[in-house]
Asker: 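If you scroll down you'll find the structure; I have some questions about it.
Throughout, a chain's letter reflects where its sequence line sits, starting with A, and its residues are numbered from 1.
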Amino acid sequence: MTRQELPKAYDFKSTEPRIYEMWETGGYFQPHNDPNKPDFDPNVEPFVIAIPPPNVTGELHIGHPMFISVEDLMIRYHRMKGYSTLWIPGTDHAGIATQLMVERDLLRNEEVTREELGREEFVKRTWEWKVKYGGIITNQIRRLGASCDWSRERFTLDPGLSRAVREAFVRLYEKGLIYRGPRLINWSPGLKTAVSDLEVEYSEEEAALYYFKYKLKDSDEFIPVATIRPETILGDTAVAVHPDDERYRKYIGQKVIVPILGREIPVIADDYVSMEFGTGALKITPGHDPNDYAIAQRHNLPILSILDTSAKINENGGPYMGQDRFDARKNMWADMKKAGLVIKTEPYRTTIPRSQRGGEIVEPMISTQWFVTIEPLAKAALEAVRDGRIRIVPERFEKTYFNWLENIKDWCISRQLWWGHRIPVWYCPDGHMTVAREDPTQCATCGSTELRQDEDVLDTWFSSGLWPFSTLGWPDETPDYKYFYPTTYMETGYDILFFWVARMIMMGLEFTGQVPFNTVYLHGLVRDEIGRKISKTTGNVIDPLVLMDEFGTDALRFTMLVGSTPGNDTNVGPKKVEANRNFANKLWNAGRFVINAIDSLDTVNHQPSTDWTLADSWIWAKLQQLIRDVERLFENFQYGEAGRQIYEFIWNDFADWYVEIAKEQLKNEETKAQTAETLARVLDTSLRLLHPFTPFVTEEIWGHLRDALYNTSLKGITEDWPEALIIAKWPEPREPEGWEQAKIEDFTLLQDIVRSIRNLRAEKNVAPSRRIAATIAGGPSLDLLREQSRTMALLAGLNEAETSITESLNEKPKEAAALVVGAVEIYLPLSGMIDLAEERTRLEKDLRDAHSQIERLEKLLSGDFANKAPAALVQKEKDKLEGYRKTAEKIEAQL
RNA sequence: GGCUUCUUAGCUCAGUUGGUUAGAGCAUUCGGCUUACAUCCGAAAGGUCGUGGGUUCGAGUCCCUCAGAAGCCACCA
C-alpha cells in the first residue's frame with residue numbers, strides 16, 4: 001500500500017493480524033539476550049514475567065484483557081528500555097474446571113459418565129479435549145497483542161512441569177512437611193472431592209434455627225438445644241454447656257438420649273459454649289463441624305460420620321440411611337415433632353458454606369487426605385515481604401497478606417479427581433508407603449512388586465505454585481533457570497493473592513531458596529459499566545472478543561490501562577472502548593498528516609534548523625515534560641495516569657495546537673522543513689511512549705513514518721531507528737533546559753488570547769468563516785505578539801491585514817468589543833454587533849473577577865504564606881497578583 | 001467480630017512526595033463538513049471534592065469522628 005492511499009479511518013481489522021504476525025515471525029518476543037545462544041551476555045539485565053496461566057480449555061473473558069494489557073505494557077516498556085525481556089506464556093490444567101467440562105460433554109454427547117468410562121479412558125479423553133480446545137485461549141491471547149515468547153510456552157501437565165511437581169512433593173515429604181491422615185475437611189458432595197478452605201465461599205442466607213429437647217436419661221427433664229442442621233443430631237456425641245451455667249450445671253456428667261436413635265451421650269462442660277446464645281446448650285457433632293471437632297478432641301469424644309460421599313445419610317443414621325441430607329432434615333424433624341421433642345423453629349440468617357465451583361453446600365467431613373504442614377513455609381514467606389525482598393503493589397495488600405499467613409492452617413492438597421498430577425505415593429499389600437520421584441517397581445520397605453499408586457491427584461494450585469521456576473526448567477539448573485530466575489514482576493488480580501501468589505512465594509523460597517519474583521503488582525477486577533460484578537446470572541457479561549471486533553484491540557487495551565489504578569476495580573463498557581477507538585483513529589490521522597507533510601518535502605535541501613518557531617519550541621518543551629512525567633509515573637506503577645497524560649498530550653497539545661500551526665508553517669518555505677522535522681520527531685517520540693499501551697496502531701504508523709522519512713532530506717532522523725517500533729529505544733527523560741519554561745509561558749499567553757477571542761466570537765455568533773479585524777495593545781508582550789501575529793490571526797480567525805498591534809493605545813477604538821488577557825488588551829471592532837450595555841456588563845464581571853483574585857492574593861501574601869512557603873512559590877503568587885493588577889487597571893481604563 | 005477500599009460535574013472515573021482558579025470521557029446546550037480526522041473542530045454550562053473536626057502558611061490529597069456503599073478474612077450452635 002502506498003502512503004497516499006492510507007485510509008482516512010484507521011483499519012484495525014486488517015492491521016492487527018498483520019502486525020502481530022510480523023512481530024512473532026520477526027522473533028521480537030524472544031529475549032534478545034538468550035542464555036541458550038553462543039553470544040549470550042550474562043551482564044545484560046533480564047526482565048521476566050511468568051504469565052498467570054489461564055485454564056487450558058478456557059475462553060477469553062473480560063478478566064484476560066486486563067492482565068494481558070498490564071503485563072504486555074510492562075514487558076514492552078522494559079524491552080524498549082533494553083532489558084532482555086521474557087514473558088513466559090502457558091496454560092493451567094485446572095483440575096476441577098476441566099474435569100467438569102469434559103464430564104458434562106461426555107454426558108451430553110455420549111450419555112456416559114466418567115465412572116462408566118473408567119479412569120484411564122477418561123484421562124485419555126481429557127487429553128484429547130485439551131489438544132482440541134487448548135489452542136483457543138492462547139490464540140485469543142495473541143489477538144490481544146501479547147508479546148510473550150511462544151517458543152517457551154508451558155502447560156502444567158507437561159512432562160517437565162510434572163517432574164517438578166513430583167520433585168516438590170517428594171522433597172516436602174522427605175522433610176516431614178507432608179502428611180496423610182483423617183481430618184475434618186470440606187467435602188464437596190457433587191464433585192465428590194475434598195476442597196481446601198480457600199475453595200469454600202460463605203454466603204449469608206435465610207435459614208431456620210431449630211429448637212428441640214435433649215431428654216435426660218431416665219428422666220422427664222430435658223436440655224433445650226438449638227441447631228441449624230437437625231439431621232446432624234444423628235452424629236451427635238455429646239451436649240456441651242458452659243461450666244458456669246447455673247441452668248445446666250446439675251446435668252454435667254449425666255447422659256442424654258439422642259432423638260430417634262436412642263443413643264446415650266454425655267453432657268459435658270466447655271468454655272467454648274456461650275451462655276447467651278441460643279439456649280446456652282450446644283450439641284456436639286464432631287464428624288461434621290469444625291468447632292465441635294475441636295471440642296471432641298479436648299474431651300476425647302468419639303467422632304461419628306453420618307454422611308457418605310454423596311452427602312446421603314449413611315448406616316449411622318438409622319432409619320434415615322440412604323436419604324439425602326436435606327430430605328433427612330425434613331423427615332427427622334417431622335419424626336421428632338411426633339415424638340414431642342420439638343420446641344420451635346424460628347427464621348435465622350446465617351452464613352452457608354458453598355463450593356467455589358459447583359455452588360453446592362459443602363459439608364465438613366472426616367476424611368483421609370494429604371496435607372502440607374504450612375507453618376514453616378508461611379513463616380519464610382512472611383519474612384520475605386517484611387524485609388522487602390518482595391514488594392507488593394499497592395502496599396495495602398501486604399497487610400492482607402500478613403493477616404492470612406499469620407493465621408494459616410495446613411493445606412489439604414489431595415483431590416479425589418482424575419485430571420491432574422497423581423500423588424507420587426505407592427502402597428504395597430502390606431500397607432507400606434513408597435514415595436518416589438520415578439515410578440517405583442517395588443515397595444521401598446518390603447520389596448513387594450504389587451504396588452498400587454495413590455488414587456488422588458494434587459490440588460491444581462500445588463503445581464501453579466511452582467510456576468515461576470518450573471516453567472524455567474527447575475529442578476534442573478538450566479541456562480534459562482540460571483539467567484531468568486528469580487523472575488521480576490508477578491502481575492495478577494488481588495483475588496488470587498492467597499490461592500496463588502502466597503503459595504508461589506512459599507514454594508519458591510522452599511525449593512529454590514530465593515524469592516520467585518521481587519515485585520507483586522495486583523490489578524483490580526473488571527466490572528461492568530455501572531460497577532456491578534460481572535456474572536452470567538446478572539446477564540452483564542462483557543465479551544472482549546466482541547469489543548475487539550467492534551473497536552479494535554488497542555482501544556480495549558487502552559481502556560483497561562487508563563482509568564484504572566493498582567488494586568482498584570475498574571468499570572468497563574462499550575462507551576469507554578469506543579472513546580478510545582476514537583483516540584486510535586485520532587492518532588492515525590495525526591500520523592497521516594505528518595506523513596503527508598514529510599512526503600511534500602524535497603529530498604535535498606533541509607539543513608538541521610536552529611531557528612525554531614515558538615510553536616516548535618513549545619511542543620518540544622511539552623514533550624520533554626511529558627517524557628519526564630511518564631517516567632516518574634511508570635516507576636510508581638501509575639500506568640493509568642501515564643496513559644492519560646500521553647493521550648492529553650497527543651490530542652490536546654499536538655493535534656489541536658501544534659498541527660494547526662504546522663499547517664501554516666508548512667506553507668512557508670523558510671519554516672517548512674523544520675516543521676516537518678518537528679512533526680516527525682514529536683510523532684516518533686509520542687508513538688514510542690504510547691506503544692506499550694496501544695502496540696498495533698503505533699507500530700503501524702511508525703512504520704509508515706519511517707518509510708516516509710527515508711525518501712527525504714530528513715532521512716538522518718531515522719539513523720538509529722530499528723526496523724520495528726517494538727524494539728525501538730524508550731525516550732529517556734532529560735533535565736529541563738532553561739528555555740523550556742519561558743517558551744511554555746509565552747505560548748500559553750498566546751493560547752489564552754486565542755481562546756478568549758474564540759469565546760467572544762462564539763458569544764457574538766460571528767460566523768467561523770468570517771475573519772475579523774483587531775486592535776491589540778500588547779504592553780510588555782508586544783514583541784511576542786508581533787512575532788506571533790500570523791499564528792494568532794490564523795487560530796483566532798483574525799484578518800491579519802486589518803490587525804494592528806501596538807504597545808499601548810491612547811484611546812480605545814469605538815464600537816469595539818474589548819478583551820483583557822493578562823496585560824494584553826484586545827479590541828474587536830464588530831460594528832453592528834456591539835451592545836454597549838452588554839459590553840459594560842461583561843467588563844464589569846471581568847473586573848470583579850480580577851478584584852476578587854487581587855483580594856485573595858493580597859490576603860495570601862500578607863499572611864504567613866510569604867514567610868513560610870518556598871520562595872519560588874511566593875514569587876509565583878506575587879507575579880500572579882501583579883498580572884491581575886494590570887488586568888484590572890486595563891479594564892478600569894476601558895470603563 | 002477483624003481488616004481494607006470507596007464516597008469528586010447528570011453518569012463512569014482520574015487527580016501518589018500537601019502548593020492555593022479541581023480534570024477527562026460520556027451525556028447536555030450553542031456554532032461549524034476549516035484542504036489529517038464528523039471516530040472531527042470551536043465554544044458553553046455543570047462541582048460547598050459524603051459529614052464534622054484536627055494538623056499546616058496552605059488539605060480533594062495527611063490524621064481522627066460519624067454516615068453510606070463494597071470487598072476480604074474469621075465466625076456462636
Asker: Rounded to whole angstrom, note down the P distance from B:G71 over to B:C26.
Answerer: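 It works out to 30 Å between them.
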Asker: Determine the Euclidean distance between corresponding P atoms of B:G25 and B:A43; express it in Å to zero decimal places.
Answerer: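 The same atom, P, in both gives a distance of 12 Å.
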Asker: So, the side chain of A:Lys576 versus the backbone of A:Asn571: is there a donor-acceptor pair under 3.5 Å, distance only?
Answerer: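 Side chain of A:Lys576 to backbone of A:Asn571: a pair is present.
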Asker: Across all strands, who's sitting opposite B:G23 as a Watson-Crick or G-U wobble pair, both distances under 3.5 Å?
Answerer: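 Partner of B:G23: B:C13.
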Asker: Between B:U16 and B:G50, how many Å separate the two P atoms, rounded to a whole number?
Answerer: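 Going atom to atom, P in each nucleotide, I get 14 Å.
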Asker: Between B:A74 atom C1' and A:Leu198 atom CG, what is the distance in whole Å?
Answerer: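 Atom-to-atom, A:Leu198 to B:A74, this comes out as 13 Å.
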Asker: With a 4.0 Å cut-off on heavy atoms, is A:Thr285 in touch with a base, just the backbone sugar-phosphate, or nothing at all?
Answerer: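 No contact.
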Asker: Under 3.5 Å, is there an N or O donor on one side and an acceptor on the other linking the side chain of A:Thr400 and the base of B:C3?
Answerer: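 Not at all, since no donor on one side and acceptor on the other fall under 3.5 Å apart.
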Asker: Quick one: look up who B:G1 pairs with, Watson-Crick or G-U, both distances under 3.5 Å, and put none if it's unpaired.
Answerer: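 For B:G1, the partner nucleotide comes out as B:C73, under the 3.5 Å rule.
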Asker: Output the single nucleotide from B:G23, B:A77, B:A36 whose closest atom is nearest the side chain of A:Glu648.
Answerer: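 Taking heavy atoms from C-beta onward, the closest nucleotide is B:G23.
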Asker: For A:Gln853 and A:Arg856, which I'm curious about, is there any donor-acceptor pair between the side chains at under 3.5 Å?
Answerer: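 The answer is yes; a qualifying pair exists.
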Asker: Check every atom of B:U39, B:G15, B:A36 against the side chain of A:Glu641 and return the nucleotide holding the closest atom.
Answerer: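 Shortest atom-to-atom distance from the side chain points to B:G15.
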Asker: Side chain of A:Lys586, base of B:C37: donor and acceptor closer than 3.5 Å?
Answerer: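 Check passes, donor-acceptor contact within cut-off.
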Asker: Write down the distance separating the C1' atoms in B:C62 and B:G15, rounded off to the nearest Å.
Answerer: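 Each nucleotide's C1' atom is 16 Å from the other's.
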Asker: Using atom C1' of each nucleotide, how far apart are B:U17 and B:C13 to the nearest Å?
Answerer: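 It comes out at 24 Å once rounded to the nearest Å.
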Asker: Just to be sure I understand the rule, does A:Arg229 reach a base, reach only the sugar-phosphate, or reach nothing, if contact means heavy atoms closer than 4.0 Å?
Answerer: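 Nothing, no heavy atom under 4.0 Å.
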Asker: Should B:C6 form a Watson-Crick or G-U wobble pair with both distances under 3.5 Å, which nucleotide is its partner?
Answerer: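 Checking every strand shown, B:C6 finds its partner in B:G68, with both distances under 3.5 Å.
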Asker: Using only heavy-atom distances, decide whether a donor-acceptor pair under 3.5 angstrom links the side-chain of A:Arg581 to the base of B:U39.
Answerer: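 Between B:U39 and A:Arg581, which were checked side chain against base, a qualifying N/O pair under 3.5 Å is present.
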Asker: Rounded to whole angstrom, note down the C1' distance from B:G47 over to B:A9.
Answerer: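 To the nearest whole Å, 5 Å.
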Asker: Would you measure the distance from the P atom in B:C66 across to the matching atom in B:C3 and give it in whole Å?
Answerer: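 Pairwise P distance, B:C66 against B:C3, rounds to 13 Å.
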Asker: Look through every strand shown and name the nucleotide pairing with B:C40 as Watson-Crick or G-U wobble, where both distances are under 3.5 Å.
Answerer: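 Across all strands, the one nucleotide that pairs with B:C40 is B:G32.
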Asker: Applying a 3.5 Å limit to both distances, which nucleotide forms a Watson-Crick or G-U wobble pair with B:G46?
Answerer: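 Pairing partner: none.
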Asker: Crowded around A:Glu855 CD? As in, over 12 foreign heavy atoms under 6.0 Å?
Answerer: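 Not buried by this count: 12 neighbours or fewer within 6.0 Å.
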Asker: Choose from B:G15, B:A43, B:A36 the nucleotide whose nearest atom is closest to any side-chain atom of A:Lys663.
Answerer: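 The listed nucleotide nearest to A:Lys663's side chain is B:A36.
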Asker: Which nucleotide in the list B:A77, B:C57, B:U16 gets nearest to the side chain of A:Pro566?
Answerer: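 Nucleotide nearest to A:Pro566's side chain: B:U16.
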Asker: Please step through side-chain contact (heavy atoms from CB on, under 4.5 Å) for the pair A:Leu382 and A:Glu406, ending with a clear verdict.
Answerer: CA-CA 8 Å; A:Leu382 276 168; A:Glu406 280 161 2; 3.9 Å; yes
Asker: Who does B:C62 pair with, Watson-Crick or G-U, both distances under 3.5 Å?
Answerer: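 Pairing partner, where one exists within any strand: B:G54.
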Asker: Check whether the side chains of A:Gln875 and A:Asp879 place a donor and an acceptor atom closer than 3.5 Å, and report yes or no.
Answerer: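 Result is yes, a qualifying pair exists.
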Asker: How many Å lie between CD1 on A:Ile661 and C1' on B:A36, as a whole number?
Answerer: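 One finds 16 Å between C1' of B:A36 and CD1 of A:Ile661, rounded.
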Asker: Is the distance from OP1 or OP2 of B:C41 to the nearest side-chain N or O of A:Trp657 less than 4.0 Å?
Answerer: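 Looking at the OP1 and OP2 atoms of B:C41, neither is under 4.0 Å from any side-chain N or O of A:Trp657.
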Asker: Any idea which of B:A77, B:C3, B:U39 is nearest the A:Asn585 side chain?
Answerer: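 Looking only at heavy atoms from C-beta outward on A:Asn585, the closest nucleotide is B:U39.
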Asker: Is it the case that A:Lys283 and A:Thr285 place a side-chain donor and acceptor less than 3.5 Å from each other?
Answerer: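 Distance-only check passes for A:Lys283 and A:Thr285.
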Asker: Check every atom of B:C72, B:C57, B:C26 against the side chain of A:Phe498 and return the nucleotide holding the closest atom.
Answerer: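 Selected nucleotide (nearest to the side chain): B:C72.
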Asker: Using atom P of each nucleotide, how far apart are B:A22 and B:A45 to the nearest Å?
Answerer: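 Comparing P positions in B:A22 and B:A45 gives a spacing of 14 Å.
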Asker: With a 4.5 Å limit on heavy-atom distance, are the side chains of A:Ile757 and A:Leu798 in contact?
Answerer: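 Heavy-atom side-chain distance check passes, below 4.5 Å.
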